[in-house]
Asker: 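Below is one structure. I have some questions about it.
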Amino acid sequence: MNLRRPAYLLILGLVLASAPPTFALVLPGGKAKGESRKVDKASDCWVGLEVLDADVVASNKKNKVINKACPNQACSFDTQVCVNEPTKKCTTVPALTGITVDNSALVPPTDLSGAHACGTSGTLIVSAGSHLTVNVTASSASGGPDTDRFTFVCKKKPKRRPECKMPTGTTLVCNAGGSGSCPASAVPDAVCPPNTAGGPDEAIFTTLDQCTDLDNGWTGTSHNFPVPANSKLKLCLSGCDAAGTTPCTANGPTGAGSINTDTFGPPLPLVAAGVPVCVVNVFTAPATGTANIATGEMSGEVDLHSQVFITDQTKVCPRCETGTCDSGPRMGQACQVDGTVRVQNSLASNKLFKLSKGCPPPGSPLATLTIPLPITTGTDHTPGAGGSKPCTENLANGVPVADDGCSSSGCGTGNCTGNACVSMTPDPSDPSHMICVDLKGGLSQGCCNNDTSVPCFQTRPGSPGINRTGRPVPPVTVAGATGDFPKLSAGEVTVATFCIAATGSANIDVVTGLPGPGAVTFNNDLCLLKAP
């Protein structure tokens, strides 16, 4: 789907649904510093950790797990906190009164009755060549507290180790999603009229929770943000037949009470160089586009007003917790979660933000930017005037425009290290190649040649410019469907490049580099629906 032209901060959304992972490696507890060994043995089974066995290459009896990374890559351990992990010395667990964990990525279970139960899994990130210690404390009215220590180790592989490269011919899909975002029983929204040509009535995009990217401005400081997952864009379809021999015309109603409501996804929290903003993207017109349901190719446009709010580094944007807004003008009022994103640079102890369209930020916007946003499964190039220094919107109220924040050495491609490349993943647009993942969670396309930890755009004279390429995925009928629909394009990638006007705030414009260009990569599930 192609949604044409510039944009500041955006949020599409699509949910990843797949079979639950198997957490086969059990760490039942172990002695923590200063703890009596006698007490420890008697309560080792109260609480422990379970680790996804695919993340581990070795373990031992001291609750240490080890993985190996290529140079400059971090290790990730998918882990969950669990009650009742029996050992030879401890086979009975009393009812617990509480569990605390000194790492915010791990959430204890809510069932503390003593039966085996696990909390929501979280991902522990360990830099290559480093280790991470996690302490978990369980309390009970009948004894304790019991504190157990766990160690996660990330060892570097030799630089020439062949496993550091993608095997020849390997085709991997970065979180390709699944039918959870397109169940066999799904039907189109009633507002979408029947497609009399015989094709689908509605297309629903839902962003996945990895392999997305949002880059803002020319300094590189505000690059490599992830896009919130599980937010949706809905389009009514017409004019196409079921075989896909004719193209679909797409129209997505917007505004209060419509299937897309009045905002493009929930508020978007961003923190760059200590400057926190919350961005609300308001539709100014219906979303439009065209689609080829045989190939998955799509193109269109979403017109927005991006409202930029200055906030604080802890709240950033209000969250929807336990069904109510935790802050902002609707604090304490009911909400539903419309998207989630990890805000790594926030000062919040829990960096996973549950966001809602019903939880707006407080105050008035510092600036409102007019954004015609293009999205395509093809390739989008340098926006604005193209070439060097392509975007100059509201320059009089911004900072002098540059091509990048690098020295005379310029901007490279595929050269990122440090926090700009804490791990590698298959490129969602071309899964046969690997791409860097930034510590913030977004993808790193290129960095300064003089400092390969600083992201940048290649817009200098003689450079290839900004290029973002999507990936169409031919839809297939969902398993269990009674007819040809629903159909699912799992892992469909849409991209856009855009210009960002100056906000008039020195803090934002200097840090981000505004006016300047931007680019976005969405990793989506696309669901095509037709009424029975």
Asker: Check the pair Ser505 / Asn507 against side chain to side chain donor-acceptor pair (under 3.5 Å), numbers first and verdict last.
Answerer: CA-CA 5 Å; Ser505 165; Asn507 282 346; 5.1 Å; no
Asker: Distance alone, cut at 3.5 Å: any donor-acceptor contact between the side chains of Ser388 and Asp403?
Answerer: yes
Asker: We want to know whether Thr340 and Lys354 form a side-chain donor-acceptor pair, criterion being a heavy-atom distance below 3.5 angstrom.
Answerer: no
Asker: Which atoms form the tightest heavy-atom contact between Cys335 and Ser356, and what is the distance?
Answerer: CB-OG, 3.6 Å
Asker: For Asn523 and Gln210, which heavy atoms make the closest approach, and how far apart are they?
Answerer: ND2-O, 3.4 Å
Asker: For residues Ser409 and Asn449, report the shortest heavy-atom separation together with the two atoms involved.
Answerer: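 Taking every non-hydrogen atom into account, O-ND2, 2.9 Å.
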Asker: Can you tell if the side chain of Thr417 reaches within under 4.5 Å of the side chain of Cys447, non-hydrogen atoms only?
Answerer: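 When only atoms from C-beta onward are counted, Cys447 and Thr417 do not touch, as no gap falls below 4.5 Å.
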Asker: Which one of Thr379, Asp430, Thr376 satisfies the side chain to side chain donor-acceptor pair (under 3.5 Å) criterion with Thr469?
Answerer: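 With Thr469 as partner, Thr379, Asp430, Thr376 yield a single side chain to side chain donor-acceptor pair (under 3.5 Å), made by Thr379.
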Asker: Go through the structure and list residues passing side chain to side chain donor-acceptor pair (under 3.5 Å) with Asp262, not counting sequence neighbours.
Answerer: none
Asker: With Phe152, which residues qualify under ring pair (Phe, Tyr, Trp, His ring centres under 6.0 Å), at least two apart?
Answerer: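 Phe152 satisfies ring pair (Phe, Tyr, Trp, His ring centres under 6.0 Å) with Phe77 only.
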Asker: With no hydrogens and no angle check, do the side chains of Ser306 and Asn281 hold a donor and an acceptor under 3.5 Å apart?
Answerer: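 Distance-only check passes for Ser306 and Asn281.
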Asker: Test side-chain contact (heavy atoms from CB on, under 4.5 Å) on Arg319 and Asn350 and set out the steps.
Answerer: CA-CA 11 Å; Arg319 306 191 199 204; Asn350 179 7; 3.8 Å; yes
Asker: Decide side-chain contact (heavy atoms from CB on, under 4.5 Å) for Cys192 and Leu529; before the verdict, give the C-alpha distance in whole Å, the side-chain angles of both, and the deciding distance to 0.1 Å.
Answerer: CA-CA 10 Å; Cys192 290; Leu529 303 176; over 6 Å; no
Asker: Tell me if the SG of Cys411 lies under 2.5 Å from the SG of Cys406.
Answerer: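 Cys406 does not pair with Cys411 as a disulfide (SG atoms not under 2.5 Å apart), so no.
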Asker: For Val308 and Ile508, run side-chain contact (heavy atoms from CB on, under 4.5 Å): C-alpha distance rounded to whole Å, both residues' side-chain angles, the deciding distance at 0.1 Å, then the answer.
Answerer: CA-CA 10 Å; Val308 184; Ile508 296 176; 3.9 Å; yes
Asker: Any side-chain donor-acceptor pair under 3.5 Å between Asp427 and His433?
Answerer: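 Short answer, no.
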Asker: Between Asp213 and Thr521, is any side-chain donor less than 3.5 angstrom from a side-chain acceptor?
Answerer: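 Asp213 vs Thr521: no donor-acceptor pair found between side chains.
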Asker: Does the gap between the ring centers of Phe283 and His305 come in under 6.0 Å?
Answerer: no
